[in-house]
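Presented below is the structure to which this report refers.
The analysis underlying the following values was restricted to heavy atoms, covering all of them including side chains, and did not include hydrogens, waters or symmetry mates. In listed order, ligands and their atoms are each counted from 1.
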Amino acid sequence: MKSFHVSRRSFLKRCSVIAAASGLPFWFVERQLAAAEAPAKKSPSPNERPGVALIGCGGQGTRDAQSAANWGEVVAVCDVDAKHAAAAAKTLTVDGKVPRIYSDFRRVLEQKDVHVLVNGTPDHWHTLVNLGAANARKDVYSEKPLTLTIDEGRWLVAAVRKSGIVLQTGTQQRSSQRFRLACELVRNERIGKLREANVWLPAGMMGGPFAKAEVPAELNWDFWQGQTPFVDYVPERCHKTFRFWYDYSGGTMTDWGAHHNDIAYWAIGLLAPREVSSQVLVPPLPGGYNTFSEYEVHYTYANGVKLNIHTTTHETFSGSKLVVDGQRNGIRFDGTEGWIWVNRDQIKASDPDLLKAPLPENAVRLYSSSNHMENFFDCVSSRKAPICDVETGHRSATMCHLGAISMRTGHSLSWDANAEQFVGEHAAAGNAHVRREQRAPYNYSFVS
Ligand SMILES: NC(=O)c1ccc[n+]([C@@H]2O[C@H](COP(=O)([O-])OP(=O)(O)OC[C@H]3O[C@@H](n4cnc5c(N)ncnc54)[C@H](O)[C@@H]3O)[C@@H](O)[C@H]2O)c1
């Protein structure tokens, strides 16, 4: 009995320390830790650790693979830039075991010792790599946004379901306690009826015109471009800054939007908005990055809830680095009885008491994960759905694509989430962006 009291006391102390450090309410931390104190999982023996291959060895892919190395063994790396592949192989060498290097991911898919892929390619390559993974029956942790087009998402959902692979979308904010708390409080009407959500995304990079250059010897520029229209090599189109070109991505609307819009989507809890409209605030520079830097996007849901996306110039991309100065990106939920603000650093409410009172036992609870990569590997072993499965990743990306399509067409548009088509006025203009022409041979048949 005495030891029970001692361990209970030390447990409560641990909760207090974590609550103070994280800014999360005590009741939430206590509940979370109690759930985590389930019987310890047997750690896999070296022979049970899945073989991991990294496809796309840039900054994020390499970080993801380093994280994956906690649960698996990185046996291969693949990149169309030989320097990036070599650097990742070096970084991911453990105990003298150097991962094998590949330049065509289809060869990686043939390897019997590769069970799991980490897909860190740019957005325009996510789907073909993921479809290849499904065809080869290999589980995949794929970076966000899951797709380049809505059509890709439909193909991917069908392929993942048919193959039974586990696919985790790399929207790791879903595995953050702070964001889940905000979404659970909203879903349980802690701020009354939700009226609107407001998301602030960093403004995108402006720049240009850019000059073409010699293709670096280590880079297969044709393969890097893949399905997108072939153009002369321009360094600013390639590594890191690809996200500011519509050929390869969707600007901050799909880049940071894949994180923050996704949290709004989680809290609102409906499949998709019905209406989308937008205003572009600053036009791109001729011959430069062509995704919009500053903009507003407005969504309306069937239940009348509004979602507004804003950009903040207080936080902009400089090179590939996010420069923070003053007003932060984040999400504010406005209800009839108060608001909640959340971002990667803090959670705040119009009245601090809104956070303090525990949710009742019968409250709506959301999928709980406290480590995105661990959740993926747990599901690889249990065959359960991960927190950001393929449908979630597809629908979340769709929401971002809808905003980008409204901006690119300059129209207010109506969306039918079941048919996954625009309907009503300007539907044809919107539907022209639901899929894109894929340059041969880099179309869906490339991986079949
Ligand atoms: N989850 C997050 O917080 C987070 C953060 C940063 C980036 N990302 C995402 O990660 C992805 C990569 O971003 P990054 O900043 O690391 O970009 P990056 O340009 O640094 O890296 C991409 C790498 O993929 C390689 N590549 C391109 N096509 C390939 C192909 N067909 N096969 C193999 N390799 C290929 C490139 O040569 C490059 O090395 C993007 O989709 C981005 O949205 C996610």
Side-chain angles (χ1 to χ4, degrees), residues 53-67 76-89 91 101-109 117-133 141-148 152 168-176 179 202 204-205 215-216 218-228 233 235-245 247-260 262-263 291 317 319-322 329 344 372-373 376 388 393 396-397 400 439 441-442 446-447:
L54 167 62
I55 317 290
C57 307
Q60 185 62 18
T62 304
R63 280 189 293 276
D64 286 341
Q66 283 177 300
S67 169
V77 298
C78 171
D79 204 296
V80 294
D81 182 318
K83 271 196 185 162
H84 282 200
T91 305
I101 293 181
Y102 296 83
S103 55
D104 183 334
F105 68 92
R106 293 172 302 174
R107 301 292 80 77
V108 178
L109 296 172
L117 300 186
V118 170
N119 182 357
T121 57
D123 307 4
H124 65 286
W125 265 109
H126 288 174
T127 297
L128 289 188
V129 173
N130 293 337
L131 284 175
Y141 181 100
S142 173
E143 265 313 330
K144 44 51 61 175
L146 191 56
T147 58
L148 182 70
E152 287 186 351
Q168 172 85 298
T169 313
T171 41
Q172 74 275 12
Q173 287 188 173
R174 286 224 181 188
S175 293
S176 144
F179 289 107
M205 268 183 88
V215 180
E218 65 273 12
L219 177 68
N220 183 339
W221 176 232
D222 177 62
F223 205 146
W224 187 97
Q225 292 178 91
Q227 63 167 303
T228 69
Y233 175 70
E236 289 81 1
R237 282 180 162 265
C238 193
H239 300 320
K240 299 270 177 234
T241 43
F242 65 82
R243 40 181 52 76
F244 303 109
W245 301 87
D247 279 347
Y248 320 119
S249 182
T252 60
M253 185 66 196
T254 58
D255 190 48
W256 268 84
H259 291 301
H260 286 349
D262 178 63
I263 295 301
T291 58
F317 283 89
S320 62
K321 205 167 166 289
L322 193 64
N329 65 70
R344 290 186 181 183
H372 215 57
M373 191 60 81
F376 169 62
C388 288
S396 163
C400 302
R439 181 172 65 95
Y442 306 103
F446 190 63
V447 286

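Partners of Asp247 by salt bridge (Lys or Arg N to Asp or Glu O under 4.0 Å), not counting sequence neighbours, listed by chain and number: Arg237. With sequence neighbours excluded, the residues forming a salt bridge (Lys or Arg N to Asp or Glu O under 4.0 Å) with Arg106 are Asp104, listed by chain and number. With sequence neighbours excluded, the residues forming a salt bridge (Lys or Arg N to Asp or Glu O under 4.0 Å) with Asp222 are Arg439, listed by chain and number.
Contact check for Thr169 versus Ser396: no side-chain heavy atoms found under the 4.5 Å cut-off.
The aromatic ring centres of Trp125 and Phe105 sit less than 6.0 Å apart.
Proximity of a side-chain donor or acceptor of His126 to a complementary backbone N or O of Pro145 within less than 3.5 Å is detected.
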Show me a pair-per-line table, with atom names and distances to 0.1 Å, of protein N or O atoms that are under 3.5 Å from an N or O of ligand 1.
unit_1	atom_1	unit_2	atom_2	d
ligand 1	1 (N)	Glu143	OE1	3.0
ligand 1	1 (N)	Gly170	O	3.2
ligand 1	1 (N)	Gln172	OE1	2.9
ligand 1	3 (O)	Gln172	NE2	2.9
ligand 1	3 (O)	His259	NE2	3.3
ligand 1	15 (O)	Arg243	NH1	3.2
ligand 1	15 (O)	Arg243	NH2	3.2
ligand 1	16 (O)	Gly59	N	3.3
ligand 1	16 (O)	Gln60	N	2.9
ligand 1	19 (O)	Lys240	N	2.9
ligand 1	20 (O)	Gly59	N	3.4
ligand 1	20 (O)	Lys240	NZ	3.1
ligand 1	31 (N)	Trp125	NE1	3.4
ligand 1	37 (O)	Asp79	OD1	2.7
ligand 1	39 (O)	Asp79	OD1	3.4
ligand 1	39 (O)	Asp79	OD2	2.6
ligand 1	39 (O)	His84	ND1	2.6
ligand 1	41 (O)	Thr121	O	3.4
ligand 1	41 (O)	Asp123	OD1	2.7
ligand 1	41 (O)	His126	NE2	2.9
ligand 1	41 (O)	Lys144	O	3.2
ligand 1	43 (O)	Lys144	O	2.9
ligand 1	43 (O)	Lys144	NZ	3.0

